[in-house]
Amino acid sequence: MSEHDTPDDEQNDERPHERRDARHADHRFETKSIHAGQTPDEETGAIMPPIFATSTYVQDGPGEDRGYEYSRTGNPTRTALEDNLAALEGAEFGRAFASGMASINTVLNLLEAGDHVIAGDDVYGGTHRLFRQVFEDYDLSFSFVDTTDDEAVRDALRPETELLWVETPTNPLMRINDIEALADIAHDRDALCAVDNTFATPYLQRPLEHGADVVSHSLTKYLGGHSDVVGGALVTDDPDLDERFGFYQNSVGATPDPFACFLVLRGTKTLPLRMDRHCENARILAERLDDHPDVSEVYYPGLDSHPGHDLASEQMDDFGGMMSFGLDATLDETAEFVSATDVFALAESLGGVESLIEQPATMTHASIPREERLDAGLTDGLVRISVGIEHVDDLWGDLESAIETALD
Ligand SMILES: *Cc1c(COP(=O)(O)O)cnc(C)c1O
């Protein structure tokens, strides 16, 4: 990791505002999600943070700004979101980006040619593509290993390992990785441990409490929550890391516009309510699927039978709204099943209020060669669902009748 690319941009070396919203440090999650980062507008009393649709800010004199000079560098609507997200992760600092990929890219910007990264072998496909097809060209190297196996991670360490990239739960088999154990392994070698917390959200899991250095989010999923915005974020307690993230945020420029920030802020206000219902619906569907004669396996960490259940019970406050299950069915029958649902929409992505269904073999994981895919447990009959917050009996009725249509 380079020492010489510390921030020197004059636009960024002074921090215009206290990042942490200390007013809500003692409040509970539900209160922070609504209030952190946001105060009624002083002039008008507007309770919602305005969408500051402005590129520049008038200065009181040359070099005398009021904390903002240019909206790539900083925008008050973005600041409200960044402070809100930091509070939700129990962190000091937050930075918002134009997408989840832009936030992951920013963590990789910390590295320099020759550095080595260890990542889970089932990380998000876009993360795998960014690492292999973009950053390998910049002479970074990557090892993809089973991060549920501490020994495999230790064996992959090299003197030049600078980053351990972890997701938990993972996609689509919902494997649970031990954040504390992995952070310890990284720290033994002075490497950073970054956790992509998109699937769990800070309502269910706060990786910094388990020793991670950085948390990355796709705001596009549960935090936005309504399938109407794309965004990303990085959260950390380390002021030096945050400053470097700010430097790259400003230098690279993949920042979210204020309207996107406003939408995510609106989303986080109801995150606890939505997540409670996502979790409850998912638990009920997992149990019913588990009892269905045409379903061979259910991958949901809330089930006792899930290999990560005990760890998830310790590390998470509940088990989330994502699950996969295997049908006793061919590729074509499974394709027919995912096309036959009515309430569940056939789509990639996840985390919105509406339920989504997809077939990894032909959709999210289609780029993996068939043999490799089968070895990884991604069978032709595998189905992934993002359980929404509709009435659970409508969701169950939909799955049951689609199974009947496709398999009988
Ligand atoms: C969607 C997703 C991303 C990428 O986020 P975008 O907002 O689509 O760029 C990264 N990680 C995980 C786990 C995701 O689900």
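Since the structure is predicted, the reported quantities are computational estimates derived from the model, not experimental observations. Both ligands and their constituent atoms are indexed starting at 1 by order of listing. The figures that follow rest on heavy atoms only: side chains count, while hydrogens, waters and symmetry mates do not.
Residue contacts with ligand 1: Met101 is placed with a nitrogen or oxygen under 3.5 Å of a nitrogen or oxygen of the ligand (distance criterion only). Checked by distance only, ligand 1 and Ile104 stay at 3.5 Å or farther apart across all their nitrogen or oxygen atoms.
Both tests pass for Lys221 against the ring of Tyr124: distance under 6.0 Å to the centre and angle within 45° of the axis.
Those atoms of ligand 1 with a heavy atom of Thr220 less than 4.0 angstrom away are 6 (P), 7 (O).
Checked against the 6.0 Å centroid criterion, the rings of His128 and Phe142 do not qualify as a close aromatic pair.
The closest protein non-hydrogen atom to atom 15 (O) of ligand 1 is Lys221 NZ, 2.7 Å. Given atom 4 (C) of ligand 1, the protein heavy atom at minimum distance is Tyr124 CE2, 3.4 Å. At the top of the distance list for atom 13 (C) of ligand 1, counting protein heavy atoms only, stands Asp196 OD2, 3.5 Å. Looking only at heavy atoms of the protein, atom 6 (P) of ligand 1 is closest to Gly100 N, 3.4 Å.
Using a 30° and 60° split on the angle between ring planes, Tyr138 and Phe135 fall in the tilted class, from 30° to 60°. Using bins of under 30°, 30° to 60° and over 60° for the plane-to-plane angle, the ring pair Trp396/His292 lands in the perpendicular bin.
Using a 4.0 angstrom heavy-atom cutoff, Gly231 counts as in contact with ligand 1.
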request  = Please report the C-alpha distance between Asp380 and Arg373 in whole Å, then the side-chain angles of each, then the deciding distance to 0.1 Å, and finally whether the salt bridge (charged side-chain N to carboxylate O under 4.0 Å, His left out) criterion is met.
outcome  = CA-CA 9 Å; Asp380 291 343; Arg373 177 163 62 67; 3.3 Å; yes
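Between Asp257 and Arg78 there is no salt bridge, since no side-chain N of the basic residue sits under 4.0 Å from a carboxylate O of the acidic one.
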